[in-house]
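Structure first, then comments.
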Amino acid sequence: MRTELHFSARDLALTRFAVSPMQEVVTSLRALARSPVPALHRRWADQVRGRLAAAGLDRGRLAAMVPPDGHLPDFLNPAPVGFSPTLAEELASITATGPEQVRADLDVLAAEAGGRLPAALAPLHRDPVGQLPRLAAEITAYWELALAPYWARIRALLAADVFHRSRQAAEHGTARMLDDLHATVRWDGTALRLEQRHCAVARLTAGSGLLLLPSVFAWPRVLTRVLPPDPPQLVYPARGAAALWEERPGSAARTDALAAVLGRSRARLLAELDSPASTTELARRTGLSPAAVSQHLTALRTAGLTSAHRAGHAVLSARTAVGDSLFDPDGRTFDRVTAAGPPAP
């Protein structure tokens, strides 16, 4: 399917980038719903599936709302206000969605499922105003379990992509930047051509401009959203996403070098946090007492090298983007973070 998005001078002038937490919520849910999970995200999926199942989030209304293919409810991805909205700001937009829009999105889901709406979504269809706050609470729970421990790493990569695209536009023009977004997206001088069946964009029904959103979990596809009066959204795979979940090469020599600065126990804990882990798990791996692990993690967190995220009854520690940079032998992570600015919470 080929779709064309025609541009005026005003549209080009209003083209902008944004980094959206909700976009990653929705696209990561879609990745988990696929069987098999795309190879790029399997390491992440293996880490989070158990947490989500324990919390019942693998079978709730949120999971029912994001099928592996087909329509994604437009109201779950409001147009970001500013470059980097917080999850709370996007949830406020979602809970303010009009009942007509919620029901229209759910009706499309029902039609694609053979005319029947999943039972978990029936209360939301009957009473959108009363149920949207519950949906927001479920999204928050999913965020804390599946994305918050990794957000510093994800956001650094997304911000680096925007930095690259912005520099590309500054050096070579907007046309070159648009033409380089994805293999299925082509700029022909007057229109943006999208050659992918998942894309459906009509300028006649869309607002002005274009909103470009890099995404880790959209890979390998390009996704679109058109909901007047908002500008059309184009969600494209961020550069470097293929390496996001790869283990950093925390060699013994590198850990020894860090130990001279941080101390051996803290350097070992930082090396172990290539994947988020609880205090109990870190104590088991390292042979340190839980109390010692907790004390060292507090020091690392104060230094900005780790962050803490509640996951059910446990608290997961994760390396920040700055902590990751210490285990990047080429310094690429550090370069990305300093170029794009520090990650927002």
Side-chain angles (χ1 to χ4, degrees), residues 3-24 27 77 79-86 89-90 151-196 199 201 203 206-226 230-244 321-322 324-325 328 330-345:
T3 305
E4 293 185 359
L5 179 63
H6 289 270
F7 278 78
S8 66
R10 173 178 169 80
D11 293 323
L12 287 174
L14 292 175
T15 296
R16 65 183 179 91
F17 287 91
V19 171
S20 167
M22 272 306 305
Q23 191 62 244
E24 299 308 284
T27 52
N77 290 119
V81 177
F83 172 69
S84 183
T86 64
E89 289 170 335
E90 294 194 304
W151 184 241
R153 183 181 295 185
I154 292 171
R155 190 187 181 283
L157 188 144
L158 299 179
D161 180 274
V162 173
F163 178 81
H164 168 80
R165 308 287 178 188
S166 300
R167 186 174 62 186
Q168 190 177 40
E171 293 179 354
H172 304 288
T174 304
R176 170 81 71 86
M177 181 271 290
L178 292 172
D179 198 45
D180 190 50
L181 288 173
H182 192 264
T184 63
V185 178
R186 286 289 176 265
W187 173 254
D188 71 357
T190 60
L192 199 62
R193 297 177 180 270
L194 301 95
E195 299 182 0
Q196 197 176 52
C199 299
V201 179
R203 169 61 73 191
S208 299
L210 177 65
L211 188 55
L212 299 170
L213 293 99
S215 172
V216 166
F217 292 98
W219 181 91
R221 300 176 176 181
V222 168
L223 305 173
T224 59
R225 174 188 184 270
V226 179
D230 295 339
Q233 293 183 22
L234 180 64
V235 183
Y236 64 91
R239 298 171 72 253
L244 182 65
V322 176
D324 273 342
S325 73
D328 189 330
D330 299 320
R332 290 186 302 266
T333 304
F334 182 75
D335 290 341
R336 291 195 298 266
V337 174
T338 52

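In what follows, residues are counted from 1 in the order of the sequence shown.
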Are the side chain of His182 and the backbone of Val235 linked by a donor-acceptor contact shorter than 3.5 Å? no

Calculate, to the nearest 0.5 Å, the distance between atoms OG1 and CZ belonging to Thr184 and Arg221 respectively. 11.0 Å

Any non-hydrogen side-chain atom of Arg239 less than 4.5 Å from a side-chain atom of Arg165? yes

Partner residues of Glu89 under the side-chain contact (heavy atoms from CB on, under 4.5 Å) criterion, sequence neighbours left out: Pro85, Thr86

Roughly how far apart are Phe83 CZ and Leu158 CG, rounded to 0.5 Å? 8.0 Å

Please evaluate residues Leu178 and Leu210 with respect to the criterion side chain to side chain contact (heavy atoms under 4.5 Å, CB included), reporting the C-alpha separation (whole Å), side-chain torsions for both, the decisive distance (0.1 Å), and the verdict. CA-CA 11 Å; Leu178 292 172; Leu210 177 65; 4.2 Å; yes

Any side-chain heavy-atom pair of Arg225 and Asp230 under 4.5 Å: yes

Do any N or O atoms from the side chain of Arg186 and from the backbone of Asp179 form a donor-acceptor pair under 3.5 angstrom? yes

Let me confirm one number: the CZ-CG distance from Phe217 to Leu244, rounded to the nearest 0.5 Å. 7.0 Å

Results of side chain to side chain donor-acceptor pair (under 3.5 Å) for Asn77 - residues two or more places apart only: none

With rounding to the nearest 0.5 angstrom, report the NE2 to CE distance, His164 to Met177. 10.0 Å

What's the spacing between Arg16 CZ and Leu211 CG if we round to 0.5 Å? 4.5 Å

Side chain to side chain contact (heavy atoms under 4.5 Å, CB included), paired with Glu24, selected from Val19, Leu213, Val216: Val216

If you define the side chain from C-beta out and look only at heavy atoms, does anything of Trp187 sit under 4.5 Å from Thr174? no

For Pro21, is there any backbone N or O sitting under 3.5 Å from a side-chain donor or acceptor partner on Arg155? no

Taken to the nearest 0.5 Å, the spacing of Gln23 CD from Glu90 CD works out to 8.5 Å

Within-4.5 Å side-chain heavy-atom neighbours: Tyr236 and Ser215: no

